[in-house]
Amino acid sequence: MTTSMKATAMAGIPAGEANTFIKRYLSTFSEIQEYMERTKAEARQYGYVKTLLGRKCYIPNINASNQGWRAGAERQAINAPLQGTAADIMKRAMIKIPPALKAANLNTKMLLQVHDELIFEVPNEELEKASALIKSIMETVVKLNVPLVAEAGSGHSWASAH
């Protein structure tokens, strides 16, 4: 079974219907298809793609003669600049937050990162101030052409903070 067949089975729709939806979506938002083709061409030419902050993500099988390897590399080339940019932004925030907390005389501690989240241990009396500071840093650590929006949640456990 191919990946697309698994995905359509999980979505509960026939493959033909899913294919029609994707084609209609890409024709409506043609910039997405243009991005995908431009990004694959860049990867074929240079062997890598770049994040918005300039980090290179190498795509080893982009010119592979094996169609399956090449198709996987093309998906990687399309996704790497997007996911890599998100990772770059998160890393920049993680670098700036601890000294900012210290400068604000807060005892809040950054514990870990989970995908696009940062987990902190925050004394109750610091919750409002620490949340505002962290949110501000995360929203301004990189200048983009679109708003970068961060949300804060709190709870006695990670699960209850959502």
Side-chain angles (χ1 to χ4, degrees), residues 1-13 15 17-18 21-22 24-26 28-36 38-40 42-43 48-60 71-162:
M1 181 180 280
T2 66
T3 303
S4 61
M5 291 171 64
K6 288 179 187 175
T8 58
M10 288 172 50
I13 58 174
E17 187 178 330
F21 174 81
I22 291 168
R24 190 176 316 129
Y25 180 84
L26 292 175
T28 302
F29 301 102
S30 60
E31 299 87 357
I32 294 172
Q33 185 69 44
E34 292 166 9
Y35 161 80
M36 290 167 41
R38 184 176 62 250
T39 304
K40 289 188 289 187
E42 177 185 330
Y48 60 83
V49 292
K50 289 183 178 182
T51 66
L52 284 179
L53 301 180
R55 185 166 52 90
K56 293 178 183 177
C57 302
Y58 289 91
I59 314 293
E74 288 174 349
R75 286 189 298 277
Q76 184 183 6
I78 292 165
N79 290 328
L82 305 171
Q83 293 174 343
T85 297
D88 292 348
I89 292 168
M90 184 62 73
K91 287 174 180 68
R92 285 195 175 185
M94 291 173 69
I95 290 167
K96 288 188 91 170
I97 290 171
L101 292 169
K102 186 175 181 179
N105 292 316
L106 297 174
N107 292 311
T108 296
K109 303 290 182 225
M110 184 167 44
L111 299 179
L112 64 125
Q113 173 196 358
V114 180
H115 302 293
D116 64 346
E117 295 182 49
L118 293 176
I119 313 299
F120 295 87
E121 184 175 72
V122 183
N124 287 334
E125 64 276 7
E126 293 182 9
L127 184 59
E128 190 174 319
K129 188 174 180 181
S131 295
L133 177 63
I134 293 164
K135 187 176 182 323
S136 173
I137 290 170
M138 292 184 78
E139 291 180 340
T140 60
V141 72
V142 173
K143 178 71 174 138
L144 300 174
N145 292 331
V146 295
L148 189 55
V149 178
E151 297 175 357
S154 65
H156 293 289
S157 70
W158 181 42
S160 66
H162 288 91

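- Heavy atoms only, all atoms of each residue included: A100 and I137 are closest at CB-CD1, 3.4 Å.
- Using modelled atom types, one side-chain atom of T28 and one backbone atom of R24 make a donor-acceptor pair closer than 3.5 Å.
- Atom NZ of K40 sits about 10.0 Å away from atom CZ of R75, to the nearest 0.5 Å.
- A distance of 11.0 Å separates CD1 of I78 from CD1 of I32, quoted to the nearest 0.5 Å.
- Residue I89 holds its CD1 atom at 5.0 Å from CG of L144, rounded to the nearest 0.5 Å.
- More than 12 heavy-atom neighbours from other residues, nucleotides or ligands sit within 6.0 angstrom of CD on E125.
- Tested against V141 for a side chain to side chain contact (heavy atoms under 4.5 Å, CB included), the candidates K96, K91, M90 yield a single pass: K96.
- If you take CG on L53 and CZ on R92, they are separated by 4.5 Å, rounding to the nearest 0.5 Å.
- Taking the side chain as every heavy atom from C-beta outward, V142 and L52 never approach each other to under 4.5 Å.
- Remark: N79 CG to M36 CE distance equals 9.0 Å, nearest 0.5 Å.
- In terms of modelled atom types and a separation under 3.5 Å, the side chain of Q113 and the main chain of H115 share a donor-acceptor contact.
- Taking the side chain as every heavy atom from C-beta outward, L118 and M138 approach each other to under 4.5 Å.
- Contact detail for L101 and T108: the closest heavy-atom pair is CD1-O, 3.6 Å.
- Note on ring orientation: taking the six-membered ring where Trp is involved, the planes of F29 and Y25 are tilted (angle from 30° to 60°).
- Contact annotation: the side chain of I97 approaches that of F120 to within less than 4.5 Å [non-hydrogen atoms, C-beta and beyond].
- When all heavy atoms are compared, the tightest approach of A80 to T51 is O-CG2, 4.3 Å.
- Not counting sequence neighbours, the partners of V149 by the side-chain contact (heavy atoms from CB on, under 4.5 Å) test are E139, P147.
- The number of heavy atoms from other shown groups lying within 6.0 Å of NZ (K135) is above 12.
- For the salt bridge (charged side-chain N to carboxylate O under 4.0 Å, His left out) test, residues two or more places apart in sequence or in another chain that qualify with R55 are D88.
- Not counting sequence neighbours, the partners of L127 by the side-chain contact (heavy atoms from CB on, under 4.5 Å) test are V122, S131, S154.
- Looking at every heavy atom in both residues, E42 comes nearest to K50 through OE2-N, 3.7 Å.
- Atom OH of Y35 has more than 12 heavy atoms from other residues, nucleotides or ligands within 6.0 Å.
- How far CD of E121 is from CG of L111: 5.5 Å, rounded to the nearest 0.5 Å.
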